[in-house]
Amino acid sequence: MRLLVINPGSTSTKVSVFDDDEALFTESVFHDAPVLLSFPTVNAQLPFRKKVVIDLLSKHGVKLSSIDVFVGRGGCAFSQRAGVMAIDRRLAEDTRDDKGGSDHPAKLGVMMAYDFSAEFSRPAFTLNPTNVDEYDDVARITGLKGVYRRAQSHVLNQKAVARLQAEKMGRRYEECSFIVCHIDGGITISAHKNGRMIDGTEGAGGDGPFTPTRLGSIPLMETARYLENHTPEELEAMCSRSGGFVSHFGTSDSDKVHALVENGDEHAVLVWDAMVYQIAKSIGAMAAVLSGHVDSIILTGGLVRFSDIVEKIRQRTEWIAPVALYPGEVEQEELAHEVLAAIHGKQEINTYTGHPVFSGFSWDS
């Protein structure tokens, strides 16, 4: 069975083709911020990203018509529970329309998989989208009645590396407590307890550390002052596409920014160190969520390739728990493996309900 796995991220498009569990190829194309910011919305990137996928297939001599199953990373529809989900028209439309209230490039994986599925009359699936919601209710509450924190993170890779770490420890994911940090173009830090992500930072929602592309948490009144001279649309773009390194340096290319750091650029050094500081600060918050009972702090994502990030996080957090490293990500393998298992009846295939996991408390009505 041949699977095409499509994984759009905030700074790249990764494509794999698998024959069953064997990868024929995996290739990632980097997109710097100025390229993606030339599109007014994430949805407007669809033809561009689709061409990237088609060009990569052509480069490796694979025809779209040879694909048996299309698999796309997802997000942005109504919140969902964890696991494999069939991509149908309702899910594709709700993803396109951002029914979940976020606008992340991961959505394009579902949208492309659905388009290819319709064109070639083949099934399409997604797995653990960015808006899987397993939060404890106490993590949802804010100081404004009716305004709640949302579950938005790198669920796919976070759960995959958490399972790998549990296996390395000779235990099951459902028996462990982890703090998992996905550190790349986007950054999210989550508390995992007994197989559930019970709290975390909302990566593309103006929450948690700033990143190569995102502004992270800023004081509310500073946000209000920003809006005096900017539009809500500009602020939304800063949350997910034009904040962080892009705002400071005009690029989301971490290698370019790190080169400035190595050359002693004062601005770059301080911004780089502040990002790492904020990651460690969020790890401390998740340790409190887990009452200090943490089996491992797991660092994963593309920026874990930078040894100075790893060492500075260790210095600030290793007193909490041992730090485990999973550089890069295992999303392509996880998407293929879990979808194959579901197709072969080894696990359930979820159906999109068109309703969020959480829709408020009794006192809201």
Side-chain angles (χ1 to χ4, degrees), residues 6-15 27-59 64 72-77 92-93 95-116 129-130 152 154 184-188 202-206 210-216 218 223 226-227 229-260 267-268 271 275 301-303 329 331:
I6 308 168
N7 185 348
S10 57
T11 57
S12 66
T13 304
K14 182 171 282 190
V15 177
E27 189 165 343
S28 182
V29 176
F30 175 76
H31 313 301
D32 202 354
V35 174
L36 297 183
L37 288 173
S38 67
F39 299 95
T41 64
V42 171
N43 284 349
Q45 296 176 23
L46 183 62
F48 166 77
R49 299 268 195 162
K50 191 178 287 189
K51 185 176 186 302
V52 170
V53 173
I54 292 171
D55 287 349
L56 285 175
L57 290 175
S58 177
K59 174 182 174 181
L64 267 172
R73 184 181 174 208
C76 302
E93 290 179 349
T95 298
R96 177 197 64 200
D97 296 339
D98 298 323
K99 292 290 188 179
S102 68
D103 189 28
H104 187 279
K107 67 190 291 189
L108 299 170
V110 160
M111 294 166 66
M112 283 188 274
Y114 178 76
D115 285 353
F116 291 141
T130 58
Q152 294 280 346
H154 297 88
D184 208 342
I187 297 173
T188 53
E202 184 182 341
F210 68 84
T211 85
T213 61
R214 301 173 183 174
L215 57 80
I218 59 175
T223 304
Y226 179 87
L227 285 171
N229 299 303
H230 299 82
T231 66
E233 290 74 21
E234 288 177 295
L235 180 62
E236 184 176 21
M238 295 287 284
C239 285
S240 61
R241 298 189 290 143
S242 58
F245 289 176
V246 181
S247 177
H248 281 277
F249 307 110
T251 180
S252 58
D253 190 331
S254 298
D255 290 303
K256 291 181 179 178
V257 177
H258 195 255
L260 293 174
H267 183 194
V271 170
M275 180 183 72
L303 299 195
E329 41 79 15
E331 292 176 343

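Model, not experiment: these values are computed from the prediction.
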Donor on one side chain, acceptor on other, H31 and T13, under 3.5 Å
yes
Minimal heavy-atom distance between A44 and P40, with the atoms involved, is CB-CD, 3.9 Å
Quick one: pull up CG in L108 and OG1 in T95 and give me the separation to the nearest 0.5 Å.
10.0 Å
OH of Y226 to CE of M238: how many Å apart, nearest 0.5 Å?
4.5 Å
For S12, does its backbone N or O pair with a side-chain atom of R49 as donor and acceptor, under 3.5 Å?
yes
For a side chain to side chain donor-acceptor pair (under 3.5 Å) with K14, tell me which candidate from E27, E331, E329 qualifies.
E329
Could you tell me if the side chain of E236 sits less than 4.5 Å from the side chain of T231, heavy atoms only?
no
Any salt bridge linking E93 with K99? Criterion: basic side-chain nitrogen under 4.0 Å from a carboxylate oxygen.
no
Which heavy atom in H104 sits nearest to a heavy atom in A204, and how many Å separate them?
CD2-CB, 4.3 Å
Are K256 and D32 close enough, and set up right, to give a side chain to side chain contact (heavy atoms under 4.5 Å, CB included), and what steps lead you there?
CA-CA 11 Å; K256 291 181 179 178; D32 202 354; 3.9 Å; yes
Under the side-chain contact (heavy atoms from CB on, under 4.5 Å) test against V15, which residue among V53, I54, D55, N7 passes?
V53
Indicate yes or no for a side-chain donor-acceptor contact from S252 to the backbone of P212 under 3.5 Å, with no hydrogens or angles considered.
no
Give, for atom CD1 of I6 and atom CG of L56, the distance between the pair rounded to the nearest 0.5 Å.
10.5 Å
What I'd like to find out is whether the side chain of L57 reaches to under 4.5 Å of the side chain of L64, using heavy atoms alone.
yes
Could you report the tightest heavy-atom contact between P129 and G75, atom names first, then the distance?
CB-N, 3.7 Å
Can a cation-pi geometry be assigned to K50 and F116, taking NZ or CZ under 6.0 Å from the six-membered ring centre and within 45° of the ring axis?
yes
In Å and rounded to the nearest 0.5 Å, what is the OG to CG distance from S240 to D103?
6.0 Å
When every non-hydrogen atom of F210 is compared with those of I187, the smallest separation belongs to O-CD1, 3.8 Å
Closest non-hydrogen atom pair, S254 against F245:
OG-CE1, 3.9 Å
Measure from the side-chain N and O atoms of S38 to the backbone N and O of V35, and report whether any donor-acceptor pair falls under 3.5 Å.
yes
Please round to the nearest 0.5 Å and tell me the distance separating atom CZ of F249 and atom CG of L260.
6.5 Å
Are L235 and H230 side-chain neighbours, meaning at least one heavy-atom pair lies under 4.5 Å?
no
Could you give the distance from NE2 (H248) to CG (L215), rounded to the nearest 0.5 Å?
10.0 Å
Say whether, by atom type as modelled, one donor and one acceptor occur between the side chain of D184 and the main chain of G301 under 3.5 angstrom.
no
Going by distance alone, is a donor N or O of one side chain under 3.5 Å from an acceptor N or O of the other, for T188 and H154?
yes
Is a side-chain donor or acceptor of R241 paired with a backbone partner of S10 at a separation under 3.5 angstrom?
no
If you compare all heavy atoms of G9 against all heavy atoms of R73, which two are closest, and at what distance to 0.1 Å?
CA-NH1, 3.9 Å
Flag side-chain contact, heavy atom, 4.5 Å: L303 against T211:
no
Pair M111, L46 - check side chain to side chain contact (heavy atoms under 4.5 Å, CB included), show working.
CA-CA 8 Å; M111 294 166 66; L46 183 62; 4.1 Å; yes
